Amino acid sequence: MKNLSNAGLRVLIMWFLSKEKLHGYILIKKINQFFKPQIDHNLMTPIRASKMYPVLKRMEEDGLIISSEGMHNNKKVKEYEITPQGYEVYHTIRLQLKEFIESDMWFEFLLDLLVTE
């Protein structure tokens, strides 16, 4: 479980971009912050640019996100945003996850994770 799968990374990217436009470096920071406990416990490795940018490029080729030129700290950056097609895919995944989580086994798993003794 050292590396985050491309599918999981793509869903997280769509989630972050469903909230706001972001450039790649900020996406990397947000994803690594999201998984900070797992990274700190050596359960996974931090996401690096060498992993992030090929995924962003592929998502753009697939029509899930688009990029445009933006500015950050007086530097030109490539900002990403989710497309209507990407939002549709993201919404479908959300609905599927909701159904999945509502299954008895997932409910028990989540309950075990959330309940502290």
Side-chain angles (χ1 to χ4, degrees):
M1 188 179 143
K2 285 288 189 179
N3 295 312
L4 180 61
S5 76
N6 279 353
L9 182 57
R10 289 165 67 106
V11 171
L12 275 174
I13 290 168
M14 287 188 284
W15 178 59
F16 283 119
L17 295 180
S18 73
K19 299 174 182 313
E20 61 183 320
K21 274 185 178 182
L22 297 167
H23 61 85
Y25 177 71
I26 295 296
L27 277 166
I28 291 168
K29 286 180 64 171
K30 285 181 171 282
I31 290 169
N32 287 335
Q33 183 62 36
F34 184 86
F35 286 109
K36 187 175 179 351
Q38 292 83 359
I39 292 168
D40 289 349
H41 287 90
N42 204 28
L43 295 173
M44 67 179 288
T45 56
I47 298 299
R48 303 203 190 297
S50 61
K51 168 102 174 164
M52 176 63 80
Y53 288 105
V55 171
L56 290 171
K57 183 178 185 213
R58 182 62 193 261
M59 289 178 72
E60 195 164 11
E61 290 169 355
D62 292 343
L64 300 174
I65 63 174
I66 58 171
S67 64
S68 60
E69 195 173 279
M71 295 293 288
H72 180 75
N73 294 334
N74 295 324
K75 292 183 182 179
K76 288 183 183 180
V77 294
K78 190 185 268 191
E79 292 182 321
Y80 298 91
E81 62 184 301
I82 194 166
T83 63
Q85 178 185 345
Y87 189 78
E88 193 174 306
V89 169
Y90 171 67
H91 182 68
T92 300
I93 291 168
R94 287 177 59 204
L95 292 176
Q96 289 173 339
L97 282 174
K98 183 180 183 297
E99 289 176 15
F100 193 60
I101 289 170
E102 289 174 348
S103 72
D104 291 339
M105 188 183 319
W106 269 96
F107 181 77
E108 182 180 350
F109 173 71
L110 291 173
L111 192 60
D112 285 350
L113 285 177
L114 297 173
V115 173
T116 57
E117 296 177 26

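The shown structure was predicted, so the numbers you read here are calculated from the model rather than taken from an experiment.
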Report the C-alpha distance between E88 and T83 in whole Å, list the side-chain angles of each, state the deciding distance to 0.1 Å, and finish with yes or no for side-chain contact (heavy atoms from CB on, under 4.5 Å).
CA-CA 8 Å; E88 193 174 306; T83 63; over 6 Å; no

Return the CG to OH distance between L17 and Y80, rounded to the nearest 0.5 Å.
9.5 Å

Are any non-hydrogen side-chain atoms of R10 and D62 less than 4.5 angstrom apart?
yes

Any side-chain heavy atom of L9 within less than 4.5 Å of one from M52?
yes

For residues S67 and E60, report the shortest heavy-atom separation together with the two atoms involved.
OG-OE2, 2.7 Å

Where is the tightest heavy-atom contact between I101 and W106, given as atom of each residue plus distance?
O-CB, 3.6 Å

Those residues at least two apart in sequence (or on a different chain) that pass ring pair (Phe, Tyr, Trp, His ring centres under 6.0 Å) with Y53 are none

When rounded to the nearest 0.5 angstrom, what is the spacing between CD in E69 and NZ in K76?
4.5 Å

To the nearest 0.5 angstrom, please state how far the CD atom of E102 sits from the CG atom of L97.
11.0 Å

Answer yes if F109 and F100 sit in the same cluster of Ile, Leu, Val, Met, Phe, Trp and Tyr residues linked by side chain heavy atoms under 4.5 Å apart, and no otherwise.
yes

Quick one: pull up NZ in K19 and CD in E81 and give me the separation to the nearest 0.5 Å.
15.5 Å

Considering all heavy atoms of both residues, which atom of N32 and which atom of I47 are nearest to each other, and what is their separation?
OD1-N, 2.7 Å

Determine, using the 4.5 Å side-chain heavy-atom cutoff (strictly less than), whether I28 and I82 are members of one ILVMFWY cluster.
yes

Just wondering, more than 12 heavy atoms not from M71 lying within 6.0 Å of its CE?
yes

To check you understand the geometry: which heavy-atom pair defines the closest contact between A49 and P54, and what is its length?
O-CD, 3.8 Å

What heavy-atom pair brings M14 and I93 nearest, and what distance separates the two atoms?
CE-CD1, 4.0 Å

Applying ring-ring contact (aromatic ring centres under 6.0 Å, His included), which residue pairs with at least one partner in residues 8-33 are found, sequence neighbours left out?
W15-F34, H23-H72

Should we count CG of D40 as having more than 12 external heavy atoms under 6.0 Å?
yes

If I take atom CG from residue L64 and atom CD1 from residue I66, how far apart are they, to the nearest 0.5 angstrom?
11.5 Å

Got a second to check how far I13's CD1 is from L27's CG, nearest 0.5 Å?
6.0 Å

Is it true that M59 and V77 fall in one hydrophobic cluster, defined by side-chain heavy atoms closer than 4.5 Å?
no

